[in-house]
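Everything on this sheet refers to the single structure shown next.
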Amino acid sequence: MAAQKSAPARVSNGQTNGMKRKRQDGPKQNNPLQNKKIKLLESRKKLPIWSRQQDIKAALEKNDVLVLSGETGSGKSTQLPQFLLESKWCSKCVAVTQPRRVAAISLARRVAEEMGTPLGKSSPASKVGYSVRFDDSTSPSTRIKYLTEGMLLQEMLRDSAMSQYSCVVVDEVHERSVNVDLILGFLKGLVKGINKKRKTPLKVVVMSATADVAGIARFFDEPMPSDKASGTDGDEEDDLNEAKINGDAPKRPVASPKPVSTCHVEGRQYPVKLSYLDRPTDDVLQTAFERIFKIHCKEPMPGDILVFLTGQETIQSLQKLIEEYAVNLTADYPKLLVLPLFAALPQHAQQRIFQSAPPNTRKVILSTNIAETSVTVPGVRFVVDTGKAKIKQFRNRLALDSLLIKPISRSSADQRKGRAGREAPGQCYRLYTQEGYNSLEKNATPEILRCDLSAAVLTMKARGVPDPLSFPFLTPPPRDAMEKALLQLLQLSALAEDGSISVTGKAIARLPLTPTLGRVILSSARSDPPCLRETIDIVACLSVENIFVNVETEETREQAADARGQLYRRSGDHMTLLAAVQAYAAENSDRKAWAERHLISHRAMQSVMDVRKQLRAQCLQAKLLPSGSSFSDGDDEGVSSADEELTERILKAFLSGFANNIARLCPDGSYKTFVGNQTVSIHPSSVLFGRKVEALVYNEFVYTNKAYARGVSAIQLKWLEDLFT
DNA sequence: GAGCACTGC
């Protein structure tokens with residue numbers, strides 16, 4: 001397995017192995033696409049899912065919904081969509097959703113090869129395409145379309161009946177992203193006939209590695225929450241397993257058809273030996289350190305070690321420990337190469353995990369959760385699992401995100417273990433006890449129970465769900481969290497007093513932003529005079545990863561301060577980001593070199609420019625600019641940095657979305673939030689760090705070691721009077 | 001004095 005360099009994002013989780021049958025369409029023996037297809041067919045036939053082809057087709061002939069569980073290596077993501085194309089009911093397109101962009105792109109590439117068709121928009125004859133943000137590669141002849149969950153939700157804004165699809169395949173459901181939960185709820189409504197616009201039934205396949213198949217099947221089987229009150233449908237959960245397709249033909253009463261089939265496909269994994277600690281450790285880093293050297297000194301080469309840790313800080317301190325000790329290893333042992341892996345690491349450093357180590361060297365990859373799902377590290381035969389991860393949890397009473405170290409779930413632990421058996425039999429060392437494992441939660445808390453629901457609720461409203469409180473959730477969020485989100489949308493004027501979506505709300509829902517940032521965009525267009533262009537630049541920065549690269553040493557810190565000094569603005573982070581975007585955009589010769597000189601992430605800046613372009617196009621389309629005006633590429637140097645009036649206009653636009661994110665300076669020198677009167681500190685990454693100003697607006701309120709405001713600017717209290725009158 | 005992982009016509 002190798003790195004996919006195609007996508008603008010991180011690394012790949014590409015599926016390999018896979019192939020397909022089928023006659024050749026043409027007699028051309030020298031067609032390279034056809035030759036490749038024939039070659040790939042042999043490996044496809046060896047996939048565990050291959051032999052289940054007829055079962056799967058039969059299940060969907062009979063029922064509208066199939067829930068399929070299949071572990072790593074079963075071939076489900078590549079093969080199942082191809083199986084469906086041959087079914088009579090499948091006259092239109094098959095959509096396959098993925099949580100990540102790289103996965104959508106690499107799966108589409110693979111399946112196009114297997115089918116012997118060109119990829120996406122490269123040819124009008126292409127049968128396989130993909131659609132991810134900033135990159136739509138489909139053609140009118142596309143029959144299988146891999147797309148991110150977010151893209152499918154966006155498509156549903158225009159066409160809630162999903163009339164271009166015969167089937168929607170929802171993959172990786174066990175990851176339980178918010179988007180997947182929303183998609184499942186909408187699909188349930190469609191399957192239950194809520195949307196009458198469809199002429200033919202929509203087929204739905206839900207695929208998952210580990211998730212509770214019976215639970216998801218039951219979800220589709222149960223009546224809609226709104227039907228429950230009226231009792232229009234019976235509840236016959238107990239009969240569910242009758243519809244299993246790997247046994248006898250499903251018996252089902254004619255009067256109340258069971259719409260759900262289930263199916264399990266084995267994975268293809270090498271065995272992984274497990275070991276636990278006898279007693280819990282109180283110093284997990286020390287224990288990991290010892291384990292790594294035991295493996296290294298005892299186990300034969302080859303075989304790299306993958307260690308799961310919680311964050312950048314622990315990764316770097318363990319790296320230091322290992323490197324210091326490894327110097328003393330005698331020449332009898334292979335060398336050790338320590339490679340950190342976390343999302344904030346620059347791309348070139350991440351790519352090092354894909355390069356083979358020098359001769360007689362063992363790689364030790366120290367990774368966050370990124371290696372659990374998003375990145376497949378090749379060559380790993382040993383996994384060391386600390387059993388912990390950092391989890392973000394939204395506390396809606398305080399409107400505060402906490403990022404805390406928590407025990408992982410059993411399914412996460414099993415996923416981590418599986419990383420040792422991708423290429424050969426392996427071994428997994430859990431740095432906790434067997435009892436510890438047994439006491440873990442079975443599954444991780446779904447994101448929908450841990451996040452700010454305002455975006456999800458707005459999405460529902462914009463797609464015609466009148467009452468989000470009765471939306472069919474796989475796991476319904478607490479009522480007070482839903483109500484808080486409704487209130488927040490009301491404050492943003494995204495909802496009218498009666499709870500219906502407003503014109504403003506509809507406009508916000510179309511923007512690829514959180515509702516608060518969307519509201520800011522609209523306000524900036526309406527301010528007098530408008531400051532939309534500048535606000536887009538700032539919002540684009542706030543919606544991507546940090547553009548300023550982290551500096552670790554005293555030296556680089558000073559270097560960073562020097563390099564970035566000319567970009568810093570006294571008013572705070574918002575205007576500083578604007579200065580950075582404008583300076584970057586005005587740089588016409590070598591933007592990459594400019595970014596490096598200023599210790600700014602070029603990758604992040606490229607995303608900013610993509611988002612900016614997208615937002616500009618959408619604002620033009622939504623006619624947010626006065627008629628006759630437009631954006632042009634040459635207008636980036638326009639803003640004078642000392643323009644206090646402009647600063648005020650921009651920050652007031654931000655206050656319209658962030659009225660709850662204000663803190664004021666107290667006599668004791670601390671900042672307290674307006675809402676909730678919580679003590680909050682300016683995050684050390686802010687240009688306002690260490691400064692005292694009368695009041696602040698902040699982009700994010702995050703609890704890590706203490707409560708921090710991130711993305712901070714100084715405001716005047718008197719601005720608030722204008723704002724709320 | 002500090003940054004789990006993703007995503008958006």
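Here is the naming used below: chain letters follow the sequence lines, and residue numbers restart at 1 for every chain. What you see below is based on every heavy atom in this structure, not just the backbone, and it leaves out hydrogens, waters and symmetry mates.
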Gap between atoms [atom1] and [atom2], on [X] and [N] respectively (whole Å):
X       : N      : atom1 : atom2 : answer
L182(A) : dT7(B) : CG    : P     : 17 Å
L341(A) : dG3(B) : CG    : P     : 19 Å
E175(A) : dC4(B) : CD    : P     : 19 Å
K706(A) : dG1(B) : NZ    : P     : 7 Å
I405(A) : dA5(B) : CD1   : C1'   : 15 Å
E149(A) : dG8(B) : CD    : P     : 10 Å
E172(A) : dA5(B) : CD    : C1'   : 14 Å
D452(A) : dC6(B) : CG    : P     : 21 Å

Do the side-chain N and O atoms of [X] and [Y] include a donor-acceptor pair separated by under 3.5 angstrom?
X       : Y       : value
Y671(A) : Q678(A) : no
Q393(A) : R450(A) : no
R176(A) : T475(A) : yes

Does T704(A) put a side-chain nitrogen or oxygen below 4.0 Å from OP1 or OP2 of dG3(B)? yes
Does OP1 or OP2 of dG8(B) have a side-chain N or O of R510(A) closer than 4.0 Å? no
In terms of side-chain heavy atoms of [X], which of [options] is nearest?
X       : options                : result
I370(A) : dC6(B), dT7(B), dA2(B) : dC6(B)
R133(A) : dA5(B), dG1(B), dG8(B) : dG8(B)
Y708(A) : dA2(B), dA5(B), dT7(B) : dA2(B)
K390(A) : dC4(B), dG8(B), dG1(B) : dC4(B)
P512(A) : dC4(B), dG8(B), dG3(B) : dG8(B)
R101(A) : dT7(B), dA5(B), dG3(B) : dT7(B)
A343(A) : dT7(B), dA2(B), dA5(B) : dA5(B)
Q312(A) : dT7(B), dC4(B), dA2(B) : dC4(B)
F342(A) : dG1(B), dG3(B), dA5(B) : dA5(B)
Q154(A) : dA5(B), dG8(B), dA2(B) : dG8(B)

Can you list the residues that meet the side-chain contact (heavy atoms from CB on, under 4.5 Å) rule with S177(A), with sequence neighbours excluded?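 Expected list: E149(A), N179(A), V180(A), E447(A).
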Tell me every residue that passes side-chain contact (heavy atoms from CB on, under 4.5 Å) with N546(A), counting only those two or more places apart in sequence or in another chain.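 Partners of N546(A) under the side-chain contact (heavy atoms from CB on, under 4.5 Å) test: F548(A), N550(A).
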Partners meeting salt bridge (charged side-chain N to carboxylate O under 4.0 Å, His left out) with K461(A) (sequence neighbours left out): none
DNA chain B: N179(A) or P684(A), which has the more 5' nearest nucleotide? P684(A)
Of T368(A) and T148(A), whose closest DNA chain B nucleotide lies nearer the 5' terminus? T368(A)
ring-ring contact (aromatic ring centres under 6.0 Å, His included) against F473(A), all qualifying residues, sequence neighbours excluded: F471(A)
With sequence neighbours excluded, what pairs up with E313(A) under the side-chain hydrogen bond (donor to acceptor under 3.5 Å, both in side chains) test?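 Result, side-chain hydrogen bond (donor to acceptor under 3.5 Å, both in side chains) vs E313(A): none returned.
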As a test of your reading of the structure, name each stem of DNA chain B as range with range, where a stem is three or more consecutive Watson-Crick or G-U pairs at under 3.5 Å. none
Counting the atoms with a prime plus P, OP1 and OP2 as sugar-phosphate, which does Q618(A) contact under 4.0 Å by heavy atoms, base, sugar-phosphate, or nothing? nothing
Within the 4.0 Å heavy-atom criterion, would you say I391(A) contacts the bases, only the backbone, or no part of the nucleic acid? nothing
Evaluate side chain to side chain contact (heavy atoms under 4.5 Å, CB included) for L157(A) paired with R510(A), printing each intermediate quantity in order. CA-CA 8 Å; L157(A) 264 186; R510(A) 285 189 162 262; 4.0 Å; yes
